[in-house]
Amino acid sequence: NMLGLSQKAYQYAIDGLVKLKEQGAIINDDLISIVDFTKSSAQKRLYVIDLEHHQLLFNTYVAHGQNSGKEFANRFSNAPESFQSSLGFYVTSGTYIGKNGYSMNLTGLERGINDKAESRAIVMHGAPYVNESYIRSQGYIGRSWGCPAVPEKLNRPIIETIKDGSCLFLYSNNNFYLSHSRILNS
């Protein structure tokens with residue numbers, strides 16, 4: 001048990017990773033990053049796992065989109081301007097310095113589910129609203145425009161670890177996603 005990571009989320013992530021590796025979509029399968037949206041944003045729900053050495057490298061907070069819900073993310077969309085998170089499998093890409101500092105591009109691998117991530121500018125970045133003082137004051141962290149934003153102290157070490165071709169999986173026990181994901185159902 002990886003500090004409360006749902007067994008289901010882990011199993012789906014590994015199944016998908018194996019298929020994506022076979023398809024050549026993932027270059028680096030030594031690790032996997034999982035966001036478990038079944039958890040409250042007041043919980044550490046991003047898990048970066050070194051599969052080769054069976055080690056949890058990072059476990060921290062991660063934001064969901066403003067229109068996905070308050071404390072819990074339960075509405076998801078691939079649509080531009082939706083300000084919602086998109087579930088499913090992504091491959092990490094290159095990095096850049098943007099208005100949110102050091103950031104990493106993400107490519108959504110699921111047609112109709114998260115494949116508009118790049119045109120929506122869904123990236124991983126650090127954010128001042130992803131911190132424990134927010135949780136203490138309001139019971140949950142701040143929300144993004146759909147990006148999986150992480151604490152400012154950790155965005156660089158996390159991005160340096162997972163950039164350039166590893167798998168990121170955003171999970172929820174969402175019926176639409178679980179029944180429509182071609183990766184999980186192939």
Side-chain angles (χ1 to χ4, degrees), residues 1-37 39 44-64 76 78 85-98 100-127 130 144 146-172 177-178 181-186:
N1 180 343
M2 293 268 184
L3 295 178
L5 172 62
S6 116
Q7 187 54 45
K8 250 188 188 155
Y10 181 76
Q11 207 44 64
Y12 282 130
I14 297 302
D15 292 349
L17 177 63
V18 169
K19 289 173 191 165
L20 291 168
K21 179 70 177 167
E22 282 166 7
Q23 293 167 19
I26 298 292
I27 303 160
N28 172 7
D29 63 343
D30 291 342
L31 50 86
I32 192 157
S33 307
I34 303 171
V35 173
D36 185 354
F37 278 146
K39 295 183 170 314
K44 295 181 174 182
R45 57 187 181 169
L46 168 66
Y47 300 81
V48 179
I49 303 164
D50 176 337
L51 296 170
E52 219 185 349
H53 304 100
H54 306 287
Q55 263 180 318
L56 184 59
L57 302 179
F58 297 95
N59 176 216
T60 191
Y61 304 101
V62 59
H64 57 253
F76 305 99
N78 195 30
S85 299
S86 301
L87 295 175
F89 290 90
Y90 297 78
V91 59
T92 64
S93 184
T95 62
Y96 65 97
I97 308 276
N100 294 302
Y102 190 63
S103 306
M104 177 182 66
N105 289 304
L106 295 168
T107 303
L109 299 174
E110 306 216 49
R111 198 158 70 243
I113 294 174
N114 66 15
D115 61 343
K116 291 201 173 87
E118 283 176 294
S119 61
R120 293 177 62 205
I122 300 299
V123 302
M124 183 174 278
H125 63 79
V130 183
S144 68
C147 295
V150 296
E152 286 180 308
K153 284 195 205 74
L154 288 174
N155 67 312
R156 187 173 281 274
I158 290 173
I159 288 171
E160 285 296 307
T161 303
I162 71 174
K163 67 180 183 181
D164 298 333
S166 75
C167 183
L168 169 67
F169 178 52
L170 272 54
Y171 170 75
S172 175
Y177 173 71
L178 295 175
S181 168
R182 290 182 186 87
I183 295 172
L184 292 182
N185 294 298
S186 63

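The figures that follow rest on heavy atoms only: side chains count, while hydrogens, waters and symmetry mates do not.
- To the nearest 0.5 angstrom, M124 atom CE is 12.0 Å from I122 atom CD1.
- With values rounded to the nearest 0.5 angstrom, E110 atom CD is found 3.5 Å from S181 atom OG.
- Distance check: I14 CD1 to I32 CD1 gives 5.0 Å after rounding to the nearest 0.5 Å.
- Looking at L46 and I158, their side chains come closer than 4.5 Å, going by heavy atoms from C-beta outward.
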Given L5 and I49, is the side chain to side chain contact (heavy atoms under 4.5 Å, CB included) satisfied, shown in steps? CA-CA 11 Å; L5 172 62; I49 303 164; 3.9 Å; yes
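- Formation of a donor-acceptor pair under 3.5 Å by the N78 side chain with backbone atoms of K116 is found in this model.
- Distance check, rounded to the nearest 0.5 Å: CZ of F58 to CD1 of I162 gives 8.5 Å.
- Remark: the backbone N or O of R111 is paired with a side-chain donor or acceptor of R182 at under 3.5 angstrom.
- Listed for the D50 side chain is no donor-acceptor partner under 3.5 Å among the backbone atoms of L57.
- Closest approach of S93 and M104 over heavy atoms only: O-CG, 3.6 Å.
- Heavy atoms only, all atoms of each residue included: N114 and G88 are closest at ND2-C, 3.6 Å.
- Counting only distance, with no hydrogens or angles, the side chain of N155 and the backbone of Y102 share a donor-acceptor pair below 3.5 Å.
- S172 has its side chain out of reach of V35: every pair of non-hydrogen atoms, C-beta onward, lies at least 4.5 Å apart.
- Qualifying side-chain contact (heavy atoms from CB on, under 4.5 Å) partners for Y96, counting only residues two or more places apart in sequence or in other chains: S103, N105, V123.
- Applying the side-chain contact (heavy atoms from CB on, under 4.5 Å) test to A127 and every residue at least two apart in sequence or in another chain returns H125, Y129, V130, A149.
- Contact check for R120 versus S86: side-chain heavy atoms found under the 4.5 Å cut-off.
- Here the CZ atom belonging to R45 is positioned 12.0 Å from the CG atom belonging to N59, to the nearest 0.5 angstrom.
- The side chain to side chain donor-acceptor pair (under 3.5 Å) analysis of residues 13-34, with sequence neighbours excluded, yields the pairs Q11-D15.
- The shortest distance between side-chain heavy atoms of Y10 and Y47 does not fall below 4.5 Å.
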Pair E118, T107 - check side chain to side chain contact (heavy atoms under 4.5 Å, CB included), show working. CA-CA 6 Å; E118 283 176 294; T107 303; 3.5 Å; yes
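- Side chain of D115 to backbone of G108: no donor-acceptor contact under 3.5 angstrom is found.
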Apply side chain to side chain contact (heavy atoms under 4.5 Å, CB included) to the pair L20 and V91, showing each step before the final yes or no. CA-CA 9 Å; L20 291 168; V91 59; over 6 Å; no
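- Inter-residue side-chain proximity for C147 and N100 is flagged as unmet; no heavy-atom pair is nearer than 4.5 Å.
- One distance of note links CG of L154 with OG1 of T60; it measures 5.0 Å at 0.5 Å rounding.
- Nearest heavy atoms, F89 versus A13: CE2-O, 3.7 Å.
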Side chain to side chain contact (heavy atoms under 4.5 Å, CB included) evaluation trace for Y12 with L178: CA-CA 10 Å; Y12 282 130; L178 295 175; 3.8 Å; yes
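- With a 4.5 Å cut-off on side-chain heavy atoms, D164 and I27 do not count as touching.
- Relative orientation of the Y177 and F169 rings is tilted, given thresholds of 30° and 60° on the angle between their planes.
- Counting all heavy atoms, side chain and backbone alike, T161 lies closest to P157 at OG1-O, 2.7 Å.
- In this structure, E152 contributes its side chain and G126 its backbone to no donor-acceptor pair below 3.5 Å.
- Of all non-hydrogen atoms in L106 and P148, the two that sit nearest each other are CD1-CG, 3.9 Å.
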